[in-house]
Number of protein chains: 2
Amino acid sequence: MKKSYNNGVEATLGVISGKWKPQLLCHLGKRPQRTCDLRQKLPAISQKVLTQQLRELESDGVIVRHIYGDRAPFKVVYALTDLGRSLGQILVQMSVWGEQRASEVPDMEIRNGHSGFNQILNQPTEAL
Amino acid sequence: MKKSYNNGVEATLGVISGKWKPQLLCHLGKRPQRTCDLRQKLPAISQKVLTQQLRELESDGVIVRHIYGDRAPFKVVYALTDLGRSLGQILVQMSVWGEQRASEVPDMEIRNGHSGFNQILNQPTEAL
DNA sequence: CAGAATCCAAATCGATACTG
DNA sequence: CAGTATCGATTTGGATTCTG
């Protein structure tokens with residue numbers, strides 16, 4: 001069915017919002033990662049939701065999923081696409097804005113700085 | 001209670017995501033508006049949710065609420081704050097990214113271009 | 001005119017058990 | 001190892017009614 005948005009902001013929000021998506025994009029921005037790597041970096045995410053969010057990012061075209069092996073146990077690697085990397089500037093700016101705001105609001109903390117997202121920018125395109 | 005985010009992106013998403021918030025910010029980016037103006041521009045939003053989203057934007061400091069009159073009927077005007085206007089660049093970029101993506105994806109349409117958000121940028125600060 | 005109060009529906013997220 | 005399936009909890013948005 002046809003997706004319709006009032007403006008581009010909503011379309012972009014549809015791609016990057018999701019409880020774990022910013023963190024997933026951040027980790028994948030550093031390098032491609034296996035499922036077990038991601039689970040290790042995000043111990044609190046449940047199996048179901050991890051798969052779910054990855055599938056959504058994939059169907060939105062910002063990450064790709066590569067499967068290695070012909071029978072279990074499989075090796076599955078997720079990596080940013082060019083489209084995904086093109087989100088880099090936006091993610092960095094959103095991160096900086098959020099940090100600035102947090103610095104002015106008491107009772108608001110941000111655990112990781114924007115440098116994580118910065119790495120998305122200088123990352124070569126993966127060979128497919 | 002203390003709000004804690006993993007990164008600035010989540011903090012920013014917390015401010016701008018909400019079913020009607022991008023549209024509200026877009027309209028308020030043009031000029032301050034009364035409640036009835038906003039209802040007219042967003043006929044599909046319910047009373048409750050309009051108030052709710054405006055209250056959240058207000059408590060996040062991106063809009064202000066001014067009340068005129070000492071007894072009913074009141075005149076309530078909402079306007080972007082400097083902090084709200086500082087979201088302009090991000091909103092424009094998100095809008096452009098969303099539009100570009102939509103132009104490459106069949107079955108995806110975006111009704112309003114990014115020019116709406118562009119107006120946030122060249123808007124003088126309101127007198128308080 | 002603007003909004004509070006209820007009650008309800010839908011979307012998201014999570015815990016757990018199971019499969020190739 | 002990676003993923004599906006189910007069920008339940010939480011969050012979010014909506015319809016309606018009422019008030020100063």
Side-chain angles (χ1 to χ4, degrees), chain A residues 1 3-7 9-11 13-25 27-28 32-60 63-79, chain B residues 1 3-6 9-25 27-28 32-60 63-79:
Chain A
M1 72 170 200
K3 289 209 180 178
S4 186
Y5 299 95
N6 291 295
N7 51 63
V9 175
E10 292 177 4
L13 283 174
V15 174
I16 65 175
S17 55
K19 184 158 177 183
W20 303 90
K21 287 182 186 174
Q23 289 186 83
L24 288 170
L25 292 173
H27 288 303
L28 293 175
Q33 316 241 3
R34 297 187 57 177
T35 309
C36 54
D37 297 331
L38 294 170
R39 298 206 62 174
Q40 209 164 10
K41 275 152 184 166
L42 303 175
I45 193 174
S46 77
Q47 231 300 313
K48 193 198 89 174
V49 177
L50 173 60
T51 305
Q52 190 186 73
Q53 306 250 314
L54 287 169
R55 287 287 194 285
E56 289 172 8
L57 290 171
E58 185 192 10
S59 82
D60 285 335
I63 69 174
V64 271
R65 176 166 172 267
H66 294 294
I67 309 170
Y68 300 100
D70 54 348
R71 58 189 164 285
F74 296 104
K75 175 181 176 182
V76 176
V77 176
Y78 293 93
Chain B
M1 75 172 198
K3 290 209 180 178
S4 184
Y5 298 96
N6 291 295
V9 174
E10 292 177 3
T12 303
L13 283 173
V15 174
I16 66 176
S17 55
K19 185 159 176 184
W20 304 91
K21 287 182 186 175
Q23 290 185 84
L24 287 170
L25 292 172
H27 288 304
L28 292 175
Q33 316 240 4
R34 298 187 56 177
T35 309
C36 54
D37 297 331
L38 294 170
R39 299 205 63 174
Q40 208 165 11
K41 276 153 182 162
L42 304 174
I45 193 173
S46 78
Q47 227 297 313
K48 194 198 87 172
V49 177
L50 174 59
T51 305
Q52 190 185 74
Q53 307 249 313
L54 287 169
R55 288 286 195 286
E56 290 172 7
L57 290 170
E58 186 193 10
S59 81
D60 285 336
I63 68 174
V64 273
R65 177 166 172 266
H66 293 294
I67 309 169
Y68 300 101
D70 54 347
R71 57 190 162 286
F74 296 103
K75 175 181 175 182
V76 176
V77 176
Y78 293 93

Nearest-0.5 Å distance that lies between atom CD in A:Q40 and atom CZ in A:R34:
11.0 Å
Measure the shortest side-chain to side-chain distance between A:K21 and A:L57 over non-hydrogen atoms and say whether it is less than 4.5 angstrom.
yes
Where A:Y78 and A:L28 come nearest, the two heavy atoms and their spacing
O-CD2, 3.4 Å
Near-strand residues of residues 47-60 of chain A, defined as heavy-atom separation under 4.0 angstrom from DNA chain C:
A:K48, A:V49, A:Q53
Relative to the 5' end of DNA chain C, which residue comes earlier, A:W20 or B:A72, by the nucleotide with the nearest heavy atom?
B:A72
Does any non-hydrogen side-chain atom of A:L24 lie less than 4.5 Å from one of A:Q53?
yes
For DNA chain D, whose closest nucleotide is more 5', that of B:S17 or that of A:R34?
A:R34
Just by distance, do the side chain of A:Q23 and the backbone of B:N6 share a donor-acceptor pair under 3.5 Å?
no
Identify whether any heavy atom of B:G69 sits under 4.0 Å from a base atom; if not, whether one sits that close to sugar-phosphate; answer base, sugar-phosphate or nothing.
nothing
Nearest heavy-atom neighbours spanning B:L13 and A:P22
CD1-CG, 3.8 Å
Name the nucleic acid region contacted by B:R39, choosing base, sugar-phosphate or nothing; use a 4.0 angstrom heavy-atom cut-off, strictly under.
nothing
Side-chain contact test, heavy atoms from C-beta onward, threshold under 4.5 Å: evaluate it for A:L38 versus A:I45 and give yes or no.
no
Quick one: does A:T51's side chain get under 4.5 Å of A:T35's, heavy atoms only?
no
For B:R71, which contact category applies under a 4.0 Å heavy-atom criterion: base, sugar-phosphate, or nothing?
nothing
By nearest nucleotide on DNA chain C, pick out whichever of B:K75 and A:K19 is the more 5' one.
B:K75
pair B:R55-B:E58: side-chain heavy atoms closer than 4.5 Å
yes
For A:E10 against B:K19, the heavy-atom pair lying closest together
OE2-O, 4.1 Å
I need the minimum non-hydrogen distance between B:L54 and B:I63, along with the two atoms involved.
O-CD1, 3.5 Å
Nucleotide interval of DNA chain C bounded by contacts with chain B (heavy-atom cut-off, under 4.0 Å)
C:dC1 to C:dT6
Checking all strands, does B:Y68 fall into the base, sugar-phosphate, or nothing category for heavy-atom contacts under 4.0 angstrom?
nothing
Could you give the start and end, 5' to 3', of the contact zone on DNA chain D for chain A, using atoms under 4.0 Å from its heavy atoms?
D:dC1 to D:dT6
